[in-house]
Amino acid sequence: MSQALQRGLAILETLDDRSVGVRELARRLGIDKGALSRTLALLAREGWAVRDAGGYRLGPRAHALGATGGSREAVARAARIAHVVSGLTGASVFVMQLAGVRPLLAATTPGPDAPSADGWDPPTALWATAGGIALLAQLPPDEVDPFVAEDPWPRFSAASPEGPDEVRDLVAAVRSGAAAREVAWSHPAAACIAVPWPSLEPGVPSVVALTGNAPLVTANDAALEDLLRRVVRPGTTPEELAGDGLALVRPATTGS
């Protein structure tokens, strides 16, 4: 086992959900502060650790292997809310987090009024979905650039973003308070609305996204966005959402 791998594993064994500074971590592990800082930066980039004002703590990828404490509670709450929202709308609901440069699916509930995924090859580019746009909106502008540095630029459909500048404009709109939206960007029958969920797990970019047949989503755009805004409001419970109910227009053309 390489020294770098041993160092990384030792760091992950030491971190938990409470932030610890580099100096204190170096003291606990007996590791040179410079080497430790380089390893921590790499772990944060890959989503194994999160850097915040207090130092470093475990990141979403580490939690995915065995969620503990607040992370376990956040994922469990997200799963319950995704189930309620899917039940209210018939759409598929996804809760995603950005682990360094990698998107992670924290919770999902498939819905009966979502398009079939049979034969669909989902895009790998983060910017190619409304959920990805909402995740990128939670990063500083300069950290968005690596995600759109593709040459040649891939087009997943005639409706998908035409280039990096369009993606940056969409990200800026979400930063300003808009929801992220897509219609037929990669799946010809699908539409999606996504909003940032920064309070789900502080310091970890998170979103809730709703995907359904395009006629259903577009006919109920305002009501669905309002529902997602209630989801991400701090303190909202699954029971409150279920009790509110939701009346949707269901177009006759809706189908898988």
Side-chain angles (χ1 to χ4, degrees), residues 12-20 43-44 46-114 117 122 126 129-139 179-180 192-212 224-246:
L12 293 177
E13 288 176 343
T14 304
L15 293 176
D16 57 25
D17 289 332
R18 295 165 296 183
S19 297
V20 59
L43 291 173
E46 294 298 320
W48 294 104
V50 170
R51 184 178 184 179
D52 58 24
Y56 287 87
R57 55 187 170 85
L58 286 176
R61 291 187 74 185
H63 288 144
L65 295 179
T68 59
S71 177
R72 183 192 294 123
E73 295 172 6
V75 170
R77 177 168 169 262
R80 293 195 303 271
I81 286 180
H83 179 75
V84 169
V85 173
S86 181
L88 289 170
T89 62
S92 293
V93 179
F94 306 88
V95 178
M96 297 183 294
Q97 297 182 306
L98 190 59
V101 297
R102 302 169 185 269
L104 288 180
L105 190 62
T108 181
T109 300
D113 289 331
L126 185 62
T129 66
I133 295 292
L135 284 172
L136 291 175
Q138 297 170 70
L139 300 179
C192 179
I193 302 175
V195 298
W197 196 352
S199 66
L200 177 63
E201 190 173 351
V204 179
S206 305
V207 304
V208 57
L210 179 151
T211 299
L224 294 174
E225 179 182 348
D226 179 69
L227 175 61
L228 295 183
R229 297 288 184 194
R230 282 185 280 142
V231 165
V232 304
R233 190 180 301 150
T236 296
T237 67
E239 293 74 20
E240 288 172 343
L241 292 169
D244 288 345
L246 188 68

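Just so you know, these numbers come straight off a predicted model, no measurement behind them.
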- Query: Which heavy-atom pair separates Ser19 from Gly54 by the least distance, and what is that distance?
  - Reply: CB-C, 3.8 Å
- Task: Please tell me if the side chains of Trp197 and Ile81 come closer than 4.5 Å, counting only heavy atoms from C-beta onward.
- Result: yes
- Task: Calculate, to the nearest 0.5 Å, the distance between atoms CD1 and CG belonging to Ile133 and Leu126 respectively.
- Result: 7.5 Å
- Item | Distance, nearest 0.5 Å, that separates OG1 of Thr14 from CG of Leu58 | 9.5 Å
- Test applied, side chain to side chain contact (heavy atoms under 4.5 Å, CB included); reference residue, Ile193; option that passes from Leu224, Thr211, Val208: Leu224
- Arg51: salt bridge (charged side-chain N to carboxylate O under 4.0 Å, His left out) partners, not counting sequence neighbours: none
- Message: Please check: side-chain N/O of Ser86 versus main-chain N/O of Ala91, any donor-acceptor pairing under 3.5 Å?
- Response: yes
- Message: For residues 74-84, which residue pairs pass the salt bridge (Lys or Arg N to Asp or Glu O under 4.0 Å) check, not counting sequence neighbours?
- Response: none
- Message: Is there a side-chain contact between Leu200 and Gln97 in this structure, where contact means two heavy atoms from C-beta onward sitting under 4.5 Å apart?
- Response: yes
- Query: If you measure from OG1 on Thr108 to NE2 on His83, what distance do you get to the nearest 0.5 Å?
  - Reply: 12.5 Å
- Query: Please walk me through it: do Leu246 and Leu227 pass side-chain contact (heavy atoms from CB on, under 4.5 Å)?
  - Reply: CA-CA 8 Å; Leu246 188 68; Leu227 175 61; 3.8 Å; yes
- What pair of heavy atoms forms the shortest contact from Leu139 to Pro205, and how long is it? CD2-CG, 4.2 Å
- Message: To the nearest 0.5 Å, what is the distance between CG on Asp17 and CZ on Arg57?
- Response: 7.5 Å
- Output the distance between atom SG (Cys192) and atom CG (Leu210), rounded to the nearest 0.5 Å. 7.0 Å
- Query: How long is the span from the OG atom in Ser206 to the CG atom in Leu98, to the nearest 0.5 Å?
  - Reply: 9.0 Å
Taking only distance into account, with no hydrogens and no angle test, what donor-acceptor pairs under 3.5 Å do side-chain atoms of residues 229-236 form with protein atoms, sequence neighbours excluded?
from: Arg229; atom 1: NE; to: Glu225; atom 2: OE2; distance (Å): 3.3
from: Arg229; atom 1: NH2; to: Gly177; atom 2: O; distance (Å): 2.8
from: Arg229; atom 1: NH2; to: Glu225; atom 2: OE2; distance (Å): 3.1
from: Arg230; atom 1: NE; to: Asp226; atom 2: OD2; distance (Å): 3.4
from: Arg230; atom 1: NH1; to: Asp244; atom 2: OD2; distance (Å): 2.7
from: Thr236; atom 1: OG1; to: Arg230; atom 2: O; distance (Å): 2.7
from: Thr236; atom 1: OG1; to: Arg233; atom 2: O; distance (Å): 3.0

